[in-house]
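One structure is given below, encoded as structure tokens.
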Amino acid sequence: MADSKIQAEEETRTTLNAPNHANNRKSYQINLRWIIFSLPIISSLCSFIACLMAYIIGVNSGTLKPLPFIPYISDTGDFKPNSSIFTLFLILSSFATLVIAIVRFYQIAAEARCSIANRAALVSAFLFLLGKIVVSSFQLSSNIFVHFAAAGLYFLGATIYTLLQCYITYRFLGDSINKERFVKDSTWRRGCIVYLIRVVCCVGLVINLIIFGVFATIPSLEIHNRGGANVAQATEWALAAFKIIFLSTFTYDFWNIEFKFGMEFKTIQPKDFPSPETQVSIDIEDNIRLARYTRFDSKEPNKVKIEFHT
């Protein structure tokens, strides 16, 4: 039989209706409310464990002197085995604090208030977290310049962050402390108490940062540090304590946050037709013929043009 070309094309084009398989979807939602709520406590505990456990291990191993000598916090993570504990828990604390800073940023942004202070607080959080990670990674004896630069970035960034958060908290409470409202409104009263705790921590951070900077940088005052009254070391520990307490107060702000993480998985069935310009065999009138089809419109994939060859 001579080859002939049979073109089956109607005015509306041949429509092949094949059954469409619905996509199978599985959705999962994880409520992270309790995780977000506990992050300030986790961050504070990790920082506390990093300093305290490193100090205890250092004293027991002989790398640190016992009380009444007070070491710098950097001294507790300078030698093994205490340096391993110090680095591990500071990294964990940094990760938790990063999530806290991001959640707090979006919490304030949702209220469309204090946008400039909110963005500045997020930037300062990134800076002091960078300093914290570098401090834990570069021990004092390995690279003293990098360690001191990162420590300065950490304490300065943390102080700026607490100042900005105090300002934001004040703006959310109102422009003035109302004694009558303080007595009647329990929610507002709790907010005022949290605000006062943050103010105390912020003032403590500023005062101790100034004292620490003076006694740690002026050579003539060094005699009052390691060899004397432990002034710089004590103020450094006070800085860490005030910062830990300040971060812990975010448990109050995160208590009513509904934070959900959603995932959706789709199982897509194969197409009913092969790809365009694909040759297929079709049984027509008991004769096997070679057929070629071409889609006309990607928006209507079932409308095709079929050409038969014999």
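Quick caveat: nothing in here was measured; it's all calculated off a predicted structure.
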Inset, instruction - For the pair R113 (side chain) and R171 (backbone), establish whether a donor and an acceptor sit closer than 3.5 Å, ignoring hydrogens and angles. - result: yes
Inset, instruction - Spell out, yes or no, whether F148 and L130 are grouped together once hydrophobic residues are joined by side-chain heavy atoms under 4.5 Å, including indirect joins. - result: no
Inset, instruction - Would you indicate whether the side-chain heavy atoms of F128 and K243 approach each other to under 4.5 Å? - result: yes
Inset, instruction - Decide yes or no for S47 and F89: does some side-chain heavy atom of the first lie under 4.5 Å from some side-chain heavy atom of the second? - result: no
Legend entry - Parallel, tilted or perpendicular: rings of F246 and F250 (30°, 60°): perpendicular
Inset, instruction - Find the distance between CG (L173) and SG (C192) and round it off to the nearest 0.5 Å. - result: 5.0 Å
Inset, instruction - Test the R190-Y252 pair against the cation-pi criterion, namely NZ or CZ under 6.0 angstrom from the six-membered ring centroid and within 45° of the ring axis. - result: no
Inset, instruction - Group every Ile, Leu, Val, Met, Phe, Trp and Tyr by side-chain heavy-atom contacts under 4.5 Å, then state whether M53 and W237 land in the same group. - result: no
Inset, instruction - Measure the spacing between OG1 of T97 and CG of L92 and express it to the nearest 0.5 Å. - result: 10.5 Å
Inset, instruction - Answer yes or no: is there a donor N or O on one side and an acceptor on the other, between the side chain of S43 and the main chain of A96, under 3.5 Å? - result: no
Legend entry - Expected output: side-chain Q107 to main-chain D253 donor-acceptor under 3.5 Å: yes
Inset, instruction - Find out whether K80 and S61 are in side-chain contact, i.e. whether some heavy atom of one side chain is under 4.5 Å from a heavy atom of the other. - result: no
Inset, instruction - Could you go through the side-chain contact (heavy atoms from CB on, under 4.5 Å) check for F105 and R119 one step at a time? - result: CA-CA 7 Å; F105 170 78; R119 289 193 292 267; 3.9 Å; yes
Inset, instruction - Could you state whether I144 and V135 fall into the same hydrophobic cluster, counting links through intermediate Ile, Leu, Val, Met, Phe, Trp or Tyr residues with side-chain heavy atoms under 4.5 angstrom apart? - result: no
Legend entry - Any donor-acceptor pair under 3.5 Å from N208 side chain to G204 backbone: yes
Inset, instruction - Say whether, by atom type as modelled, one donor and one acceptor occur between the side chain of S124 and the main chain of A121 under 3.5 angstrom. - result: yes
Inset, instruction - Starting from the C-alpha separation in whole Å, work towards a yes-or-no answer on side chain to side chain donor-acceptor pair (under 3.5 Å) for S136 and T87. - result: CA-CA 5 Å; S136 63; T87 301; 5.3 Å; no
Inset, instruction - Using the side-chain contact (heavy atoms from CB on, under 4.5 Å) rule, take F79 and F86 through it: C-alpha gap first, then chi angles, then the decisive distance, then the call. - result: CA-CA 10 Å; F79 301 101; F86 184 79; over 6 Å; no
Inset, instruction - Let me see the working for Q233 and F69 under side-chain contact (heavy atoms from CB on, under 4.5 Å), right down to the final yes or no. - result: CA-CA 9 Å; Q233 299 97 299; F69 174 79; 4.2 Å; yes
Legend entry - Under 3.5 Å: donor-acceptor pair, side chain of S44, backbone of I244: yes
Inset, instruction - Look up atom CG in L127 and atom CG in L153, then write down how far apart they are to the nearest 0.5 Å. - result: 5.5 Å
Legend entry - Partner of N82 under side chain to side chain contact (heavy atoms under 4.5 Å, CB included), chosen from I57, N60, I56: I57
Inset, instruction - Answer yes or no: is there a side-chain heavy-atom contact under 4.5 Å between P71 and T76? - result: yes
Inset, instruction - Kindly compute the distance separating OG (S93) from CG (L39), expressed to the nearest 0.5 Å. - result: 10.5 Å
Inset, instruction - Measure the shortest side-chain to side-chain distance between F155 and E236 over non-hydrogen atoms and say whether it is less than 4.5 angstrom. - result: yes
Legend entry - More than 12 heavy atoms of other groups within 6.0 Å of F95 CZ: no
Legend entry - Test item: L90 and C46 side chains (from C-beta on) under 4.5 Å apart, heavy atoms: no
Legend entry - Heavy-atom pair of closest approach, residues T251 and S248: OG1-O, 2.9 Å
Inset, instruction - Report whether V123 and V103 are members of the same hydrophobic cluster (ILVMFWY, side-chain heavy atoms less than 4.5 Å apart, transitive linking). - result: no
Legend entry - Side chain proximity check, Y154 to L129, heavy atoms < 4.5 angstrom: no
Inset, instruction - Kindly determine whether T169 and R198 satisfy side chain to side chain donor-acceptor pair (under 3.5 Å), including the steps that lead there. - result: CA-CA 9 Å; T169 307; R198 290 177 181 174; 2.8 Å; yes
Legend entry - Interatomic distance, D75 atom CG to K65 atom NZ [nearest 0.5 angstrom]: 10.5 Å
Legend entry - Heavy atoms of other groups near F172 CZ, more than 12 under 6.0 Å: yes
Inset, instruction - Say whether I108 and L122 are linked into one hydrophobic cluster, either directly or through other cluster members, by side-chain heavy-atom distances under 4.5 angstrom. - result: no
Inset, instruction - Taking all heavy atoms of V199 and all of C166, pick out the closest pair and write down the distance. - result: N-SG, 3.9 Å
Inset, instruction - For atom CZ of F37, decide whether the heavy atoms of other residues, nucleotides or ligands shown that lie under 6.0 angstrom number more than 12. - result: yes
Inset, instruction - Would you sort out whether V59 and Y55 count as a side-chain contact (heavy atoms from CB on, under 4.5 Å), showing the intermediate values? - result: CA-CA 6 Å; V59 171; Y55 174 75; 3.6 Å; yes
Inset, instruction - Verify, without hydrogens or angle tests, whether D78 (side chain) and L140 (backbone) share a donor-acceptor contact under 3.5 angstrom. - result: yes
Inset, instruction - Side-chain contact test, heavy atoms from C-beta onward, threshold under 4.5 Å: evaluate it for R104 versus F254 and give yes or no. - result: yes
Inset, instruction - Output the distance between atom CD1 (I73) and atom SG (C51), rounded to the nearest 0.5 Å. - result: 4.5 Å
Legend entry - Within 6.0 Å of CZ in F138, more than 12 heavy atoms from elsewhere: no
